[in-house]
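Working notes for the structure below.
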Amino acid sequence: EAQVTQNPRYLITVTGKKLTVTCSQNMNHEYMSWYRQDPGLGLRQIYYSMNVEVTDKGDVPEGYKVSRKEKRNFPLILESPSPNQTSLYFCASSLGTNSPLHFGNGTRLTVT
Amino acid sequence: QQQVKQSPQSLIVQKGGISIINCAYENTAFDYFPWYQQFPGKGPALLIAIRPDVSEKKEGRFTISFNKSAKQFSLHIMDSQPGDSATYFCAARGEKGKLIFGQGTTLQVKP
């Protein structure tokens with residue numbers, strides 16, 4: 001089944017403790033992206049990647065890192081999480097920038 | 001200029017009624033306008049999309065109306081059903097294929 005898989009689905013952590021949210025797609029998509037969803041703010045792009053080893057900042061990149069060492073994987077790294085990063089995170093992928101986005105089922109992160 | 005403004009934030013409609021969600025944009029360089037549907041616990045999924053050279057697109061009970069001069073577009077759900085209860089996001093595609101999303105509308109269809 002074609003899908004974008006995120007792990008974990010739920011994560012509770014404390015301020016400053018490094019964490020990684022994994023994202024993997026099995027559709028051989030070149031484009032991958034991370035979004036955060038907050039009430040009243042919609043979906044905001046954190047980082048995106050056009051292909052392996054090519055990443056760029058989105059609208060809200062502060063406090064986040066990404067890497068794209070393999071085509072299928074695009075992990076999101078929070079090196080020192082803070083409470084304002086409490087949010088619902090989505091990974092998405094597409095064949096290219098002009099193709100529909102396929103989203104994962106989300107990771108709900110709480111930072112205390 | 002990169003914003004997409006969506007309204008209303010929430011909407012309650014009776015079964016069989018028409019649900020209407022509106023979006024407005026500023027950037028005339030946007031070239032593609034999709035709508036995404038999101039059920040609880042799931043990621044958004046593409047529902048229907050339109051390009052700015054078309055004024056209307058219909059797929060089943062879902063219709064996008066596009067007004068290029070007013071820089072507005074809307075989603076109409078005809079004969080709304082309880083199964084349509086979800087959050088809806090409009091979006092617009094700009095530079096480098098980047099999607100700018102609206103704030104989202106939570107639709108509840110009452111039986």
Side-chain angles (χ1 to χ4, degrees), chain A residues 1-10 21 23-25 27 29-51 54-61 74 76 87-108, chain B residues 1-11 21-25 27 29-53 57 59 62 64 73 75 86-107:
Chain A
E1 180 188 352
Q3 58 186 2
V4 178
T5 303
Q6 294 179 228
N7 281 296
R9 290 295 307 275
Y10 301 92
V21 183
C23 174
S24 180
Q25 50 92 6
M27 296 170 279
H29 284 171
E30 290 194 348
Y31 182 89
M32 297 187 75
S33 183
W34 277 102
Y35 293 86
R36 60 178 288 173
Q37 181 179 346
D38 301 289
L41 297 177
L43 292 154
R44 295 180 292 166
Q45 189 181 56
I46 302 170
Y47 269 94
Y48 66 96
S49 169
M50 296 282 202
N51 212 326
V54 181
T55 63
D56 207 348
K57 296 177 181 178
D59 296 318
V60 288
F74 190 45
L76 179 70
S87 186
L88 180 58
Y89 291 87
F90 287 99
C91 179
S93 73
S94 66
L95 209 54
T97 54
N98 291 333
S99 303
L101 273 176
H102 297 259
F103 283 84
N105 284 331
T107 295
R108 186 166 291 282
Chain B
Q1 285 167 334
Q2 288 296 318
Q3 280 189 330
V4 176
K5 294 184 179 179
Q6 183 174 344
S7 63
Q9 189 171 353
S10 63
L11 183 59
I21 304 170
N22 301 299
C23 286
Y25 64 97
N27 189 345
F30 289 149
D31 66 355
Y32 175 73
F33 299 86
W35 284 87
Y36 281 79
Q37 180 187 52
Q38 181 185 29
F39 293 107
K42 300 291 187 182
L46 179 65
L47 179 63
I48 187 173
I50 197 168
R51 298 190 186 279
D53 54 348
K57 183 172 182 181
E59 290 184 1
F62 299 90
I64 301 178
F73 59 110
L75 176 69
T87 299
Y88 293 82
F89 292 97
C90 63
R93 186 175 67 193
E95 191 180 326
K96 294 183 183 180
K98 178 181 175 180
L99 281 182
I100 309 294
F101 286 89
Q103 293 76 21
T105 297
T106 301
L107 170 66

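Every value quoted in this text rests on a predicted model; they were computed, and no experiment measured them.
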Using non-hydrogen atoms only, which part of B/P44 is less than 4.5 Å away from chain A: side chain, backbone, both, or neither?
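For B/P44, the contact with chain A is made by backbone and side chain together.
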B/Q38 versus chain A, the contacting section by heavy-atom distance below 4.5 Å
side chain
Can you name the side chain to side chain donor-acceptor pair (under 3.5 Å) partners of A/N7, sequence neighbours left out?
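Counting only residues at least two positions away or on another chain, A/N7 forms no side chain to side chain donor-acceptor pair (under 3.5 Å).
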From A/N98 CG over to B/D31 CG, what is the distance, rounded to the nearest 0.5 angstrom?
7.0 Å
What's the spacing between A/D59 CG and B/I100 CD1 if we round to 0.5 Å?
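One finds 5.5 Å between CG of A/D59 and CD1 of B/I100.
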Should A/L101 and B/Y36 count as side-chain neighbours, where that means a heavy-atom distance under 4.5 Å?
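The answer is yes; the side chains approach within 4.5 Å.
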Could you tell me which portion of [X] (side chain, backbone, both or neither) has an atom closer than 4.5 angstrom to a non-hydrogen atom of chain B?
| X | answer |
| --- | --- |
| A/Q6 | neither |
| A/L41 | backbone |
| A/R9 | side chain |

Just checking A/R108: does its CZ atom have more than 12 heavy atoms from other residues, nucleotides or ligands closer to it than 6.0 angstrom?
no
Side-chain donor-acceptor contacts of residues 90-97 of chain A below 3.5 Å, not counting sequence neighbours, with atom names and distances?
residue, atom, partner, partner atom, Å
A/S93, OG, A/H29, ND1, 2.8
A/S94, OG, A/G96, O, 2.7

